Each structure stands twice: as structure tokens, then as C-alpha cells.
There are 2 protein chains.
Amino acid sequence: MKISAQEEYGLRCLLRVAKSESGAASLPEIATAEGLSVAYVGKLMAVLRHGGVLDSVRGRSGGYTLAKPAEEIGLGSILLILGEPLFDETDYCKKHAGTEAPNGVCTNRSGCTLKSLWQTLEHWMRKTLDQITLADLIQNEGQLPELLRERLAAAVFADEPQLLTLNVVR
Amino acid sequence: MKISAQEEYGLRCLLRVAKSESGAASLPEIATAEGLSVAYVGKLMAVLRHGGVLDSVRGRSGGYTLAKPAEEIGLGSILLILGEPLFDETDYCKKHAGTEAPNGVCTNRSGCTLKSLWQTLEHWMRKTLDQITLADLIQNEGQLPELLRERLAAAVFADEPQLLTLNVVR
DNA sequence: TAAAATCTTGACAAAAAAGTCTACATTACT
DNA sequence: AGTAATGTAGACTTTTTTGTCAAGATTTTA
């Protein structure tokens, strides 16, 4: 459940591009700033570009720019480009069926317990992360914990506000 | 940010032990039920035993039992035994310092932005997960999404209830 | 005591992730 | 046109994670 190297460094490099004021950010520029090799940053940028969050320009004064305004790039979607979600519907049941599910239908009790656990956890986390944008990361550096908490609260109560009164009663 | 094999399978095997009604659960028993090799389950159980959530008995009618009642074993702590947290204070700044922190003090702006992001995310997630026990996983199988959401809401509002009114106003 | 069933441990093998290297394509500047 | 600075792509190497194997220790049962 830890954050992969690609997620950590990819996000950092993307932040560098977002912060870059003088036009496009170049590979050597980003690599130096983050203390990574140029080759590795090149690989990370390729992932982000294919994911659609970055545009690139080749040639002498080339480099990378954001494909959309920083205000429109949510953290959740960035992390999905760079790595895998907590729970991946597509191959979960195939990989973890166990012997209680011989008929193809997922009858594995403990398996499906965990499936719905991961699924729910993934849902709240992604929802919360997507409400924090690259712009937030740059502007609200100091208040990030408070911001995250606020967005988390908003996400939890967004769907069914009646939970609110339920919570007040306690 | 995905769940590691050790976390997934370790938790499953632990659930098997918790569900086992006829005394201790044996390696072959668990391995068969989960569709894993006996050797691999043996390794996973060793991790859980060293982590203090399992007791083992050797010999002919041996096997594994929970070291504590299932009601007292929180998911967050189990997952910390089986894998790494989202954010690990100890080596984070050392690994990700970049070139803006040459003096040892962490002056890396984007680095520390992410640090507080991961730290906060880890905080809520762990807090929420620790309020769900092995017993919950067994008893409340069907209502797990609702349960998780409820516990998440409780965790978010536990420290500072004034956020509640703030949210009502919206 | 012997045999069978179990857990324990550390070395090993296989697979996946992280990171590097090389050759090349594109653009700007002179 | 030539050169230097940039991004691109795929093969490769290294490291970490996953999973297996083999030898041994413990307990029960006959």
C-alpha cells in the first residue's frame, strides 16, 4: 500500500513543470531540480505525456508544458496515470478466486469481503484526491492537511447528506 | 499505491484463521482454501506471527490461532505488519531530498508539499482502517461499504467537531 | 520408539519494478 | 549546412518483491 517510485517522482516532476514560469521546463532542468537522472525523468515524462497531462516540444528550446490549466488537473487522475489503483476490478476475481469459486462465479466469501473493502477505500480516496488539483498543491502548500481534510469531509457527505444529522446526534 | 501481494494474501489467510471454528487452522487447510501453496502460506503466517497477531502450535494437531480476540484486531495494524505505510517518515526526506536541500534541512518545496500530502492521507486512512476489526470483516460482510463510510466520517470529525457546523452551512 | 503431521528457517529462483544506456528525431541558432 | 540542445523509444541492467525448495524441529498417535 505504499506509493510507488513512479507515482512519487512522476508527481514531483509534474509539479516542477507546473511551477515553471519561464515557458517550457526542460529535462535537464527538472532532473537537476529533483536530483534525478535525465534519462529517468525522460521516462517519467513519457508516461505523463501519454497520459495526456503534458505537452512536449522537441528541439533546441523545447521542453514540457501542462496540457491543461493546473486548476483542472486533479491528483487522483494523475496518480492513475502514474500507477495502479488500490483496487482493480478487471483482474481481481481472476487472481484471487481461491478454491471456493470453482464455477467461475465469485463465491469466495473472504475474497469478496476484501474486494468490497478495497473498492470502498479506493472510492473515497480517489474522490478526495481528485478534489485537490495541481494548483492547490502549489498555492496552498502550508494548509494542505486542512485542505485535504476538508475535501475528504465534503466527499464523505456529498452523496447522502442525511448522514450529517446522523452524525450530529452522536 | 496498489495493495501488495503480501498484504492481500496475508489478510486473507488471517481471515481464514479467524473464521476457523474447529480449533487451530493448519497450513494445508488455509492453503487449500485460498488456492495458494503451503510453502507460501507458511511464509505469510511467519510474518503475521512475528507481528504478534497469531499464535502457532507445532506438531501433529498443530496450527494457528489468533493471539487476541478478533474484535481487538484492527485492519490498520494488520496492514502495517504485512506491508509498508503510504508515508514512512524515517527515510522519506533522505530519499527524496533533491538538490534544493543541500544543507540537510529539508528546503525542498515540492518535496515537502508531497510529504505533508502523503502524511495526511496516511493519517486518515490508517485511522479509518483501525476502526474496522477482523470481527467486522466476518460479521458485517454485506454492509462493509456503509461501515467503512461511517467510520471514515467518524474519523474525519473526531478531532475537531466544529468542522461539522462548517459543513452544515454549505 | 517410530511414524506421520505439523510448523520454522534460510537459501534459492522467478517475476516485476526501477533505473540506465544507446541510437535517433526534431528544432534553434550561427 | 552544421552544430548544439533538446525530446523519443526500446533494449538492457539492477534491485526489489514474490514465490519455492529443502532441511530441520516439534508434537501426537500407534
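The structure displayed is predicted, hence computed values, not measured ones. By convention in this document, chain letters (A, B, ...) are assigned in the order of the sequence lines, proteins followed by strands, and residues within each chain are numbered from 1. Because only heavy atoms are used, hydrogens play no part in the values below, and waters and symmetry mates are left out as well, while side chains stay in.
Counting any heavy atom pair closer than 4.0 Å across all strands shown, A:A5 reaches sugar-phosphate atoms only and no base atom.
Using a 4.5 Å heavy-atom cutoff, the side chains of B:L66 and B:L134 are in contact.
Residues A:R60 and A:Q6 each lie close to DNA chain C; by heavy-atom proximity, the contact nearer the 5' end of the strand is made by A:Q6.
The OH atom of B:Y40 sits 19 Å away from the C1' atom of D:dA22 (whole-angstrom rounding). Counting to the nearest Å, the C1' atom of C:dA17 and the CG atom of A:L44 are 12 Å from each other. Note: OH (A:Y64) to P (D:dT6) measures 12 Å, nearest angstrom. B:K43 places its NZ atom 13 Å from the C1' atom of C:dT8, with the value rounded to the nearest Å. For A:Y9 and C:dA17, the OH to C1' distance is 13 Å, given to the nearest whole Å. If you take CG of A:L27 and C1' of D:dA5, they are 11 Å apart, rounded to a whole angstrom. At whole-Å resolution of the value, CE in A:M45 and C1' in D:dT6 are 13 Å apart. For the pair A:L54 CG and D:dT8 C1', the interatomic distance rounds to 14 Å; values are reported in whole Å.
Regarding contacts with the backbone of D:dA4, every side-chain N or O of A:R58 stays at 4.0 angstrom or more from both OP1 and OP2.
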